[in-house]
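A note on names: the letters A, B, ... follow the listed sequences, proteins ahead of strands, and every chain is numbered from 1.
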Number of protein chains: 2
Amino acid sequence: MGIEPNGRRVSVKDVAAAAGVSLGTVSNVLNRPEKVLPATREHVLAVIGDLGFVRNDAARQLRAGTNHAVGMIVLDVRNPFFTDVAQGVEDRLSEHGRPLILGNSGQDARRESTYLDLFEEQRVSGLLITPVGQVLPRLRRLRERGTAVVVVDRRTGTREFSSIAVDDKLGGRIAAQHLVDCGRRRIAFVGGPKGLNQVKHRLRGAQDVVDASPGTRLTFVETPMMDAVAGRQAAEQLLALGKRARPDAIFAANDLIALGVLQALTLAGVRVPDDVAIIGYDDIDFAASAAIPLSSVRQPREQLGNVAADTLLEVIADPAAKVRDVVLEPELVVRRSTAG
Amino acid sequence: MGIEPNGRRVSVKDVAAAAGVSLGTVSNVLNRPEKVLPATREHVLAVIGDLGFVRNDAARQLRAGTNHAVGMIVLDVRNPFFTDVAQGVEDRLSEHGRPLILGNSGQDARRESTYLDLFEEQRVSGLLITPVGQVLPRLRRLRERGTAVVVVDRRTGTREFSSIAVDDKLGGRIAAQHLVDCGRRRIAFVGGPKGLNQVKHRLRGAQDVVDASPGTRLTFVETPMMDAVAGRQAAEQLLALGKRARPDAIFAANDLIALGVLQALTLAGVRVPDDVAIIGYDDIDFAASAAIPLSSVRQPREQLGNVAADTLLEVIADPAAKVRDVVLEPELVVRRSTAG
DNA sequence: TTTCGTCGTTGAAAGGTTTCAACTACGGTT
DNA sequence: AACCGTAGTTGAAACCTTTCAACGACGAAA
């Protein structure tokens, strides 16, 4: 089934021959069934079933000049925040029958570039990206070629591409203000690398609050990644400082880091939140079920995904659509790790 | 850049014209550079850069008859176990320059079928799948068409397709034996739907241990899904039983369920592990950082992904390669949720 | 009877890449 | 001087789908 006696795959041509119609008719049955006499249609469909014919997408794309699918490059598939966003995107796209091709840059500019190559060669109709490296020129080129581009969880600065982001500076302020309100004075911000805009903005927001609050100060512990391992390593650094110099509050750039920090600190006998308060960022599902339930700054992730997909579909439909710059607001979630 | 003055995309033909060579030579530069005089090669490459030419993958695939990419259908992207496996696969594939197209069935046979359609139309060269529905006929058809198929985290029963799995029955035995060794007698197994082989085998393993241990018994609490929400709901059911009838140990079919159960029980004031011991399955990263660190049965996930990718590459290279049936062994990880 | 419209069907053309048999040019042999 | 072999290059053919101008058949209108 699906293979002709001569060993070749079944094509529309074979179907046409077997059904005794022209290949144009077969194509019509597939794409504009209402143009075809019901009797013919049924017959052709029967033959298609018998022969096990399956459309060759490469040929279809070649003809159409563009791939129906949408590409998405996420920063880290192992971070539930991004899979939740991707889920939101996929839900919306699948309503429109468009497949999503997911690429994982893992915060590596080289891998990001590889996926951009792939998507460019594939002529995807749209691209969703949370950029790592210097990709603006590539994005411009893609757009010139007719690929819709929407930036996710980041703003480009230039008003060239639509973007859906969460206000990171506000999030940073919310987190820091909460720590200050809890009476904490020596705050450490853990995250990195500092080139990442998310990191920069969250840090900036926190800095604003500290600047406006006499008697408080902020230190920056840079990490090479945004995962739990990096969190544990950062915690080691803080522990090495000794009890005196140690901060009394930690603001982690995301929940994975926060969970790593939390784990290492409790293991070393530091009491959370008594000795050190911890607040994370993202409010992933696991934050609530941590050893000490984690306070966090919640981002509306599914919404982020939905809006991103909608915006992309809009740009695909009308490449001249005006550039949107959606900024969603994060929200404080208080749990035990900062109680008191 | 990338667009000819006439508005069309740049093709090999345009490059050939601009470089003053034939289109066969351009293709040679791209695919067999050693066949081309260095001077010519450099010149063509320069023109390619100037014109911003990018290969059209659809045309290449059409010609080749097969897509270079590999498709993978996972059961649930929001479960870290599967993203870890996918990561293992992607790592290995990217070493061979093959992109991975990830599809998420979300344990829904309809979505699984949609992705199978997609991959079939795309003529992917290989498919990795953790099946949900009755897909054997589809898999057979794919193989007839020349697509390599490897089943992941499951065995097919028939010896038709290579599979990489972890011994679920052994895992079930390990978990149950551990609970019995801790002195627990009334064990509840939480998971489902029971049609899933993973669930069936883990349950069977547990049953074996219970049958061999006088004075113990096992009840089965079926869930509709394998996520934290289902775990919380199952916990409600157990709580409704009342203190007396309640089990003194719970074996959850995966860690997400276990975390859900744990959350709901502690919220209701049940002490873990004193009143009820809990053990999960998978040993995802978050198991260790749960409110009460979770005992679990660890599966070698990255290895699972690596071996799956290797096996698939083997089958792609030689479709007649003999069917492999790799079974990896799970391992007990004891933490606080079963201590004592 | 002729003419016109409509509906359904036809088949050639286009889309961009890769492959491969055929060709050219040129240095080396006899 | 004729011939051979090789390295480099050429361009037509094939891959499969979709589109669209053109065609045939048939019923209705003149």
Side-chain angles (χ1 to χ4, degrees), chain A residues 2-4 6-45 47-48 51-68 120-123 125 145-146, chain B residues 2-4 6-45 47-48 51-68 120-123 125 145-146:
Chain A
I3 314 253
E4 282 287 80
N6 62 20
R8 269 188 21 268
R9 298 268 179 83
V10 177
S11 75
V12 265
K13 209 158 146 192
D14 303 314
V15 174
V21 298
S22 82
L23 104 195
T25 297
V26 177
S27 179
N28 281 336
V29 168
L30 258 27
N31 302 301
R32 307 204 243 2
E34 75 284 357
K35 295 262 166 210
V36 177
L37 214 60
T40 320
R41 185 169 56 217
E42 296 313 322
H43 178 219
V44 171
L45 286 174
V47 172
I48 286 178
L51 261 47
F53 165 74
V54 173
R55 241 209 222 82
N56 182 330
D57 198 52
R60 181 221 272 266
Q61 272 170 227
L62 174 57
R63 180 70 235 250
T66 172
N67 189 330
H68 199 225
E120 206 169 346
E121 290 188 1
Q122 297 248 359
R123 308 284 195 264
S125 45
R145 294 237 167 88
Chain B
I3 315 255
E4 282 286 83
N6 62 20
R8 272 190 15 271
R9 299 268 180 82
V10 178
S11 74
V12 265
K13 210 159 147 189
D14 302 314
V15 174
V21 299
S22 83
L23 103 194
T25 298
V26 178
S27 179
N28 280 337
V29 169
L30 259 25
N31 303 300
R32 310 208 244 358
E34 75 286 356
K35 295 263 165 209
V36 177
L37 213 58
T40 319
R41 184 170 56 217
E42 296 312 322
H43 178 218
V44 171
L45 286 175
V47 172
I48 286 178
L51 263 46
F53 165 76
V54 174
R55 241 208 222 87
N56 183 330
D57 198 53
R60 181 223 270 267
Q61 271 171 227
L62 173 59
R63 178 69 235 247
T66 170
N67 190 330
H68 200 225
E120 205 169 349
E121 289 189 2
Q122 298 248 359
R123 309 285 196 262
S125 43
R145 293 239 167 85

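- Residues B:S125 and B:N67 come closest through the heavy atom pair OG-O, 3.1 Å.
- An angle of 70°, rounded to 10°, separates the two end axes of the helix from C:dT1-D:dA30 to C:dT30-D:dA1, each defined over five pairs.
- Pairing each heavy atom of B:A16 with each of B:S22, the nearest pair is CB-C, 3.7 Å.
- The separation between A:Q122 atom CD and C:dG15 atom P is 21 Å, rounded to whole Å.
- Residue order along DNA chain C, read from the 5' end via each residue's closest nucleotide, puts A:G20 first among A:G20 and B:L30.
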Under 4.0 Å protein heavy-atom contact, by nucleotide of nucleotides 21-27 of chain C - B base, S sugar-phosphate only: -------
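- A heavy atom lying under 4.0 Å from DNA chain C marks the following residues of residues 36-45 of chain A, by number: A:V36, A:L37, A:T40.
- B:R9 has its CZ atom 11 Å from the P atom of C:dT17, to the nearest Å.
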Contacts table for residues 34-44 of chain B: side-chain donor-acceptor under 3.5 angstrom, sequence neighbours left out:
| residue | atom | partner | partner atom | Å |
| --- | --- | --- | --- | --- |
| B:R41 | NH1 | B:P33 | O | 2.7 |

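- Screening residues 56-66 of chain A for salt bridge (charged side-chain N to carboxylate O under 4.0 Å, His left out) gives A:D57-A:R60 as the qualifying pairs, with residues at least two apart or on separate chains.
- In this structure, NZ of A:K35 is placed 9 Å from P of C:dC7, rounded to the nearest angstrom.
- Whole-Å rounding puts the A:N31 CG to C:dT9 P distance at 15 Å.
- Judged as a side-chain hydrogen bond (donor to acceptor under 3.5 Å, both in side chains), and not counting sequence neighbours, A:T66 has no contacts.
- When each of A:V15, A:V54, A:V12 is tested with A:I48 by the rule side-chain contact (heavy atoms from CB on, under 4.5 Å), just one qualifies, namely A:V15.
- Mapping A:K13 and B:S22 onto DNA chain D by nearest heavy atom places B:S22 closer to the 5' end of the strand.
- The CD atom of A:E120 lies 12.5 Å from the CZ atom of B:R55; values are rounded to the nearest 0.5 Å.
- Both A:V21 and B:V12 lie close to DNA chain C; mapped to their nearest nucleotides by heavy-atom distance, the more 5′-ward contact belongs to A:V21.
- At C:dT18, one or more side-chain N or O atoms of B:S27 fall inside 4.0 Å of OP1 or OP2 (strictly under the cut-off).
- Rounding to whole angstrom units, CG of residue A:L23 and P of D:dT19 are separated by 13 Å.
- Sorted by residue number, the members of residues 54-68 of chain A with any non-hydrogen atom under 4.0 Å from DNA chain D read A:R55, A:N56, A:A59, A:R60, A:R63.
- Taking every heavy atom of both residues into account, B:F53 and B:L30 meet most closely at CE2-CD2, 3.8 Å.
- Rounded to whole angstrom, the span from the CG atom of A:D14 across to the C1' atom of D:dT17 amounts to 13 Å.
- Phosphate proximity of D:dT10 to B:T25: present, with a side-chain N or O under 4.0 Å from OP1 or OP2.
- Not counting sequence neighbours, the partners of B:N56 by the side chain to side chain contact (heavy atoms under 4.5 Å, CB included) test are A:L62, A:R123, B:A58, B:A59.
- Of the possible donor and acceptor atoms, none in the side chain of B:R145 sits under 3.5 Å from a partner among the backbone N and O of A:R9.
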Output a table of nitrogen or oxygen pairs between the protein and nucleotides 20-28 of chain D separated by less than 3.5 Å.
none

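- Taking A:E121 as the reference, nothing meets the side-chain hydrogen bond (donor to acceptor under 3.5 Å, both in side chains) condition, with sequence neighbours excluded.
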